[in-house]
Amino acid sequence: MTAKASILVVEDNEHNLALIDYLLKAYGYAPMLARNGSDAVRTASEACPDVILLDIRLPGMDGYEVAAVIRETPGLERTRIVAVTASAMVGDRERIVAAGFDGYVQKPIDPETFIGTLEPFLSEQPARDLAAGHPAS
Amino acid sequence: MSDTDVPKLIAQGAFADGEAAMRFVTSVLEASTEYSIIATDVDGVIQLWNEGARRLYGYATSEIIGRPTSVLHVVEDAERGLPQTMMQQAREHGKWEGTVARVRKDGSEFTARVTVTPRRGGDDEPIGFLLMSRDITHELRLAAELERSRYTLSVIESAPDAMVIVDDAGEIRLANAETEALFGYSREELIGRPAEMLIPARYHDSHPGHRSIFFAEPRMRPMRSGLELSGERKDGVEFPIEISLSPLKTGDVWLATAAIRDVTERKLFERDLQEANIKLEAASRAKDGFLASMSHELRTPLNAILGFTGTLLMSLPGPLNAEQTKQLRTVQASGRHLLSLINDLLDLARIEAGKVELRVESIGCQELLEEVAVGLRPLADEKSLELAVPAAPDRLEVRSDRRALSQILINFANNAIKFTDEGSIRLEVSQRADDEALVTRFSVIDTGCGIKPGDQERMFAAFEQIGASGAHPYEGTGLGLFICLRLANFIGASITFVSEFGEGSAFTLEVSETR
């Protein structure tokens with residue numbers, strides 16, 4: 001269990017936060033939780049998570065801003081940021097990729113495939129690749 | 001009596017003899033070069049033909065003496081007896097006068113003013129007639145020109161635009177009533193003054209240059225051809241004008257006729273229109289924002305509904321009994337259905353709002369069909385249906401929007417799988433070209449249940465579910481074909497289908513590219 005990646009979940013909707021928290025725990029992770037952008041930034045700076053599952057529409061600071069701050073924060077260079085969003089309009093995916101996110105999962109999530117989709121970001125191997133300048137696709 | 005009274009002059013001994021008197025009379029007749037003077041006998045046979053007649057009709061005296069005056073008339077007049085009528089009237093009333101069509105020796109016609117008077121002998125009996133005629137063609141033309149000028153002037157005067165005629169020195173020669181109304185000057189104040197008085201001072205230096213350019217190559221410059229200027233009223237108020245110029249030649253002098261229109265109202269209208277457009281754009285952006293928010297807000301609760309239903313069905317919290325599983329499957333199916341509805345409605349809203357971007361590119365037809373088939377093969381395999389893309393003899397390409405084509409064909413194929421219980425679904429493409437267009441037909445052909453004739457009409461309507469009977473339980477959103485139709489319309493394609501109830505259906509998407 002010690003090899004499991006540390007995950008920060010940022011989500012303002014309590015039910016959705018509970019769902020992702022439950023799923024991650026069911027698969028043996030111990031996620032940290034944040035309900036808004038500034039909490040997310042604070043927790044991330046303190047805990048240096050391997051992966052951040054980041055909602056885009058957040059009260060106050062939105063997901064794009066959070067990602068931008070984290071990308072600039074020393075010590076969080078290796079942190080992988082995955083957007084988990086209900087924004088599904090044309091162009092949203094392109095915008096998210098352009099904003100420097102490492103991945104994109106659309107809500108509603110499918111609990112059966114969710115963990116599998118995150119797998120490339122959760123294992124420690126790709127994180128090292130990223131640090132070496134070889135980001136996983 | 002005057003001294004042109006020849007008999008009196010003879011009586012006074014003014015002439016040495018009769019021959020001298022005759023020479024005098026002849027010289028008078030011959031000096032009348034602009035008037036044709038012809039003497040005839042009582043029957044209209046020409047007896048005398050002067051210089052004026054020779055010039056006017058072109059006959060030498062020897063050619064015409066002894067011939068009737070009817071040869072001088074146009075055929076129609078001669079045939080209806082006009083020469084006789086003229087003589088008859090002259091005899092009865094002492095004179096006939098009128099305008100007559102005449103024919104020269106060379107056959108050309110002209111209009112003459114003719115006076116016929118009877119000549120009387122010593123006993124006062126008529127012995128013949130005298131015909132005096134003059135070519136009035138030129139006068140008639142002048143009169144017509146005058147009439148035209150008057151008409152032109154009246155048109156200019158009553159024109160709805162201000163009309164100003166300016167000479168090449170820039171002096172106003174003529175201005176109409178509307179000019180007075182528009183600029184506030186009386187005509188007396190305008191005529192003879194430089195045209196620059198009608199424009200603001202800052203243009204005074206550049207305007208003569210424009211005028212030189214116009215007169216260097218005088219041609220029509222219509223309204224709305226970029227000649228937008230400012231006018232200035234007598235009271236100093238400036239206003240936007242539009243001007244058209246046409247050249248006018250009188251004699252050797254070129255003039256410019258300028259029609260000037262006050263476009264204040266149009267400018268205001270254009271500004272209003274622009275403002276309205278800005279508002280529309282803002283409204284459109286707000287609509288985009290609304291659609292994006294709606295999409296997001298509708299999906300968010302579904303995340304927890306489908307997510308926790310999923311975790312339960314995965315037995316993550318613990319084992320379920322059969323009934324619990326059955327009921328949760330229903331929740332899951334209904335949740336997924338709701339998600340499809342949301343997706344379809346957003347698609348539709350985007351198409352209707354014109355938010356779907358048309359990206360035309362060259363697409364390999366066979367490849368497109370294979371992509372569609374790959375995505376749907378798991379679904380077909382589940383029902384043990386064959387999903388085939390027969391190889392086309394040639395590599396066919398179509399220029400269209402890939403996403404729209406693909407979405408429509410996926411919908412067709414999806415429906416085909418849904419309504420086919422055994423047999424196959426074939427995805428085919430064919431092309432034909434004529435002089436005007438290249439027509440590409442994509443067809444999805446199934447061996448399914450077919451569509452009842454009664455259902456065929458409402459099949460493309462929104463929220464209509466065909467065949468949602470016992471055999472084919474409620475599935476899909478009822479928006480699929482409706483969206484297909486809208487998308488096809490958007491990319492300029494058409495959808496047709498043939499269906500035999502119990503035998504199968506074929507849906508065809510036809511893309512026509514004009515050559």
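Atom set for the values below is all heavy atoms of this structure, side chains included, hydrogens, waters and symmetry mates excluded. In what follows, every chain begins at residue 1, and chains take the letters A, B, ... in the order their sequences are listed. These numbers were taken from a predicted model, which means no experiment stands behind them.
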Enquirer: Can you see whether B:Arg441 engages B:Thr496 through a side-chain donor-acceptor pair at a distance of less than 3.5 angstrom?
Expert: no
Enquirer: Can you say whether A:Asn13 sits under 4.5 Å from chain B via the side chain, the backbone, both, or neither, judging by heavy atoms?
Expert: side chain
Enquirer: Are side-chain N/O atoms of B:Glu397 and B:Ser362 paired as donor and acceptor at under 3.5 Å?
Expert: yes
Enquirer: Side chain, backbone, both or neither: which part of B:Leu339 has a non-hydrogen atom closer than 4.5 Å to chain A?
Expert: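 Side chain only.
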Enquirer: State the CG-CG distance between B:Asp446 and B:Asn415, to the nearest 0.5 angstrom.
Expert: 9.0 Å
Enquirer: Is A:Ile109 in contact with chain B via its backbone, its side chain, both, or neither, using a 4.5 Å heavy-atom distance?
Expert: both
Enquirer: Quick check for you: among B:Thr309, B:Leu302, B:Leu306, B:Thr311, which has the greatest number of heavy-atom pairs under 4.5 Å with chain A?
Expert: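 Of the options given, most contacts go to B:Thr311.
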Enquirer: So does A:Asp55 get a backbone contact from the side chain of A:Lys107, meaning a donor-acceptor N/O pair under 3.5 Å?
Expert: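 No, A:Lys107 side chain to A:Asp55 backbone: no donor-acceptor pair under 3.5 Å.
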Enquirer: Between A:Asp102 and A:Arg71, does any side-chain N to carboxylate O distance fall below 4.0 Å?
Expert: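 Answer for the salt bridge query: yes.
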Enquirer: Of the backbone (N, CA, C, O) and the side chain (C-beta and beyond), which part of A:Phe114 lies under 4.5 Å from a heavy atom of chain B, both, or neither?
Expert: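 Neither part, no heavy atoms under 4.5 Å.
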